[in-house]
Amino acid sequence: MAHPTRGAPLTATAEADVIGGLHRALADWFAAEARDLPWRHPDCSPWGILVSEVMLQQTPVVRVLPVWREWMERWPRPADLAAEAAGEAVRAWGRLGYPRRALRLHAAATVIADEYGGRLPDTEEGLLALPGVGGYTAAAVAAFAFGRRAAVVDTNIRRVHARLVRGEALPAPSLTAAERRLAEELLPDDRGASVRWNVAAMELGAIVCTARSPRCDACPVASACAWRAAGEPPPSYVPKGQAWHGTDRQVRGAVMAVLRAASRPVPRVLFEGPGPAVTDDGGPVAAQLARLHALAPAPEQLERSLEGLLADGLAAEHDGGLALP
């Protein structure tokens with residue numbers, strides 16, 4: 001590893017000193033500046049941490065907080081969620097987006113309840129065996145729920161590593177083997193210190209070293225930042241935002257809102273356009289249908305969206321129409 005601000009090779013001792021300084025600076029900063037989030041509290045269960053990690057994927061904290069609290073009040077243990085239909089998880093997911101995550105959590109809860117006695121596996125390997133748990137989530141839960149030494153590499157951490165050590169404005173569009181090696185190199189040997197480093201680097205990326213407007217004046221390791229030393233060069237690519245208006249994703253989301261509002265199957269014909277009034281416990285279903293119809297999706301787009309939801313297990317077909325699974 002090169003010195004973050006000079007690029008010259010370091011001796012092993014000097015390298016250890018530099019990295020140790022980064023560890024201490026970020027740990028001290030996190031102790032003073034960290035947001036008070038409920039899944040960081042000492043009394044939060046491993047299940048609560050798993051739920052938070054799945055919800056936080058591609059979703060900001062401010063949107064996750066109220067839904068996470070509702071989930072944990074309703075389903076404080078994996079067995080509580082497993083005892084309900086998967087459709088209830090999708091309904092309670094609300095508008096967090098990417099609702100297949102709700103199905104994955106329900107499937108994981110069922111396995112945890114049935115095969116693990118209600119207790120989450122406490123290693124990366126064990127967590128990876130759960131349905132829908134990938135490498136990032138397994139590492140994060142192993143570290144934050146069980147204090148394991150694990151290289152947690154999310155988007156925020158990748159950006160901090162890219163700027164601080166590699167001198168790049170943004171990490172590569174997809175995680176690379178070189179990034180994983182760097183994350184392992186930077187990880188403290190001590191288990192407790194490794195957990196603090198992971199969560200502090202993640203927090204720094206979330207609130208200071210942000211993608212669009214980094215607040216370098218508030219950064220505790222700005223003096224060691226290779227990107228600043230290089231003159232803050234621009235990124236080598238322009239990140240592409242995901243389109244929403246007019247897409248299948250928008251139509252699928254509108255259909256899901258109808259199904260979440262409904263207490264019984266919704267006839268397919270009602271998705272196609274204004275029709276007979278729907279009086280399912282008042283007007284929630286009618287209101288969501290009106291929002292769907294206002295999008296005016298082409299018939300083939302609507303059909304594609306409905307069939308996609310059925311194929312993904314987010315909807316089920318009954319004689320009377322479509323409903324949550």
Side-chain angles (χ1 to χ4, degrees), residues 22-78 80-81 92-94 96 101-102 104-105 108-109 112 119-124 126-127 130 133-161 164 183 186-188 190-211 215 218-221:
L22 297 177
H23 293 162
R24 290 188 294 273
L26 267 194
D28 291 345
W29 170 82
F30 182 79
E33 303 293 338
R35 292 169 293 179
D36 181 19
L37 301 176
W39 45 82
R40 290 177 177 166
H41 292 184
D43 61 351
C44 183
S45 67
W47 167 243
I49 292 172
L50 173 61
V51 172
S52 75
E53 288 296 339
V54 174
M55 287 185 171
L56 287 165
Q57 294 166 14
Q58 304 182 71
T59 309
V61 166
V62 67
R63 290 178 59 197
V64 166
L65 272 169
V67 181
W68 182 88
R69 289 192 173 105
E70 290 171 4
W71 269 56
M72 296 314 298
E73 182 175 346
R74 182 174 178 180
W75 301 309
R77 302 172 304 159
D80 299 319
L81 178 59
W93 195 255
L96 285 184
R101 293 180 291 170
R104 294 191 203 109
L105 270 174
I112 294 166
R119 299 173 65 89
L120 268 69
D122 62 2
T123 65
E124 284 186 78
L127 289 160
L130 297 176
V133 173
Y136 163 75
T137 303
V141 175
F144 303 144
F146 299 108
R148 298 286 186 182
R149 184 182 182 276
V152 181
V153 191
D154 79 335
T155 300
N156 289 317
I157 291 177
R158 292 178 62 214
R159 187 167 56 254
V160 168
H161 290 177
L164 183 60
L186 292 172
L187 196 65
D190 177 77
R191 282 175 56 166
S194 72
V195 174
R196 289 190 293 274
W197 168 256
N198 280 323
V199 71
M202 186 181 295
E203 188 78 340
L204 188 74
I207 67 176
V208 173
C209 193
T210 58
R215 298 189 297 116
C219 179
V221 291

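All values derive from a computational prediction rather than experimental measurement. Values below: every heavy atom of this structure, side chains too, minus hydrogens, waters and symmetry copies.
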* To do: Say whether, by atom type as modelled, one donor and one acceptor occur between the side chain of Thr59 and the main chain of Gln57 under 3.5 angstrom.
  => yes

* Applying ring-ring contact (aromatic ring centres under 6.0 Å, His included), name anything that partners Trp71, two or more places apart in sequence or on another chain. => Trp75, Trp93

* Write down the atom of Val152, the atom of Ala143, and the distance for their closest heavy-atom approach. => CG2-CB, 4.0 Å

* Asked: Taking the side chain from Arg158 and the backbone from Val153, do they hold a donor-acceptor pair closer than 3.5 Å?
  -> no

* To do: Using the six-membered ring wherever Trp is involved, compare the ring planes of Trp39 and Trp68 and label them parallel, tilted or perpendicular (cut-offs 30° and 60°).
  => perpendicular

* Asked: Do the side chain of Arg69 and the main chain of Pro38 share a donor and acceptor less than 3.5 angstrom apart?
  -> no

* Minimum side-chain heavy-atom gap Leu120-Pro78 below 4.5 Å -> yes

* Does Pro188 offer a backbone N or O that forms a donor-acceptor pair with the side chain of Arg149 under 3.5 Å? -> yes

* What are the two closest non-hydrogen atoms of Cys209 and Val160, and how far apart are they? -> CB-CG2, 4.0 Å

* **Main-chain N/O of Val54 paired to Arg104 side chain as donor or acceptor, under 3.5 Å** => no

* Asked: Less than 4.5 Å apart, any side-chain heavy atom of Leu22 and any of Trp197?
  -> yes

* Kindly give the heavy-atom pair with the smallest separation between Ala218 and Val208, and that separation in Å. => C-CG1, 4.2 Å

* Asked: Rounded to the nearest 0.5 Å, how far does CZ of Arg35 lie from CD of Glu203?
  -> 4.0 Å

* **Any side-chain heavy-atom pair of Cys219 and Leu204 under 4.5 Å** => yes

* Tell me, with the steps shown, if Arg215 and Thr210 meet side chain to side chain contact (heavy atoms under 4.5 Å, CB included). => CA-CA 8 Å; Arg215 298 189 297 116; Thr210 58; 5.8 Å; no

* **Spacing of CG belonging to Leu50 relative to CD1 belonging to Ile112, to within rounding of 0.5 Å** => 6.0 Å

* Asked: Shortest non-hydrogen contact from Thr123 to Ala142?
  -> C-CB, 4.4 Å

* Nearest 0.5 Å please: distance from the CG atom of Asp43 over to the OG atom of Ser45. => 9.0 Å

* **Min side-chain heavy-atom separation Leu127-Thr137 under 4.5 Å** => no

* Got a donor-acceptor contact below 3.5 angstrom from the Asn198 side chain to the Ala150 backbone? -> yes

* Leu26 to Pro220 - nearest heavy-atom pair and separation -> CD2-CG, 3.7 Å

* Roughly how far, to the nearest 0.5 Å, is the CD atom of Glu73 from the CG atom of Asp80? -> 12.0 Å

* Spell out, as yes or no, whether a donor-acceptor pair under 3.5 Å connects the side chain of Arg148 to the backbone of Glu124. => no

* Arg40 side, atom CZ; Asp36 side, atom CG - distance, nearest 0.5 Å -> 9.0 Å

* Does atom CZ of Arg119 have more than 12 heavy-atom neighbours from other groups under 6.0 Å away? -> no

* Asked: With no hydrogens and no angle check, is any side-chain donor or acceptor of Arg196 less than 3.5 Å from a backbone partner on Phe30?
  -> no

* Structure fact -> Shortest non-hydrogen pair, Ile49 vs Ala145, comes out as CD1-CA, 3.5 Å

* **Gln58 side, atom CD; Asp154 side, atom CG - distance, nearest 0.5 Å** => 11.5 Å

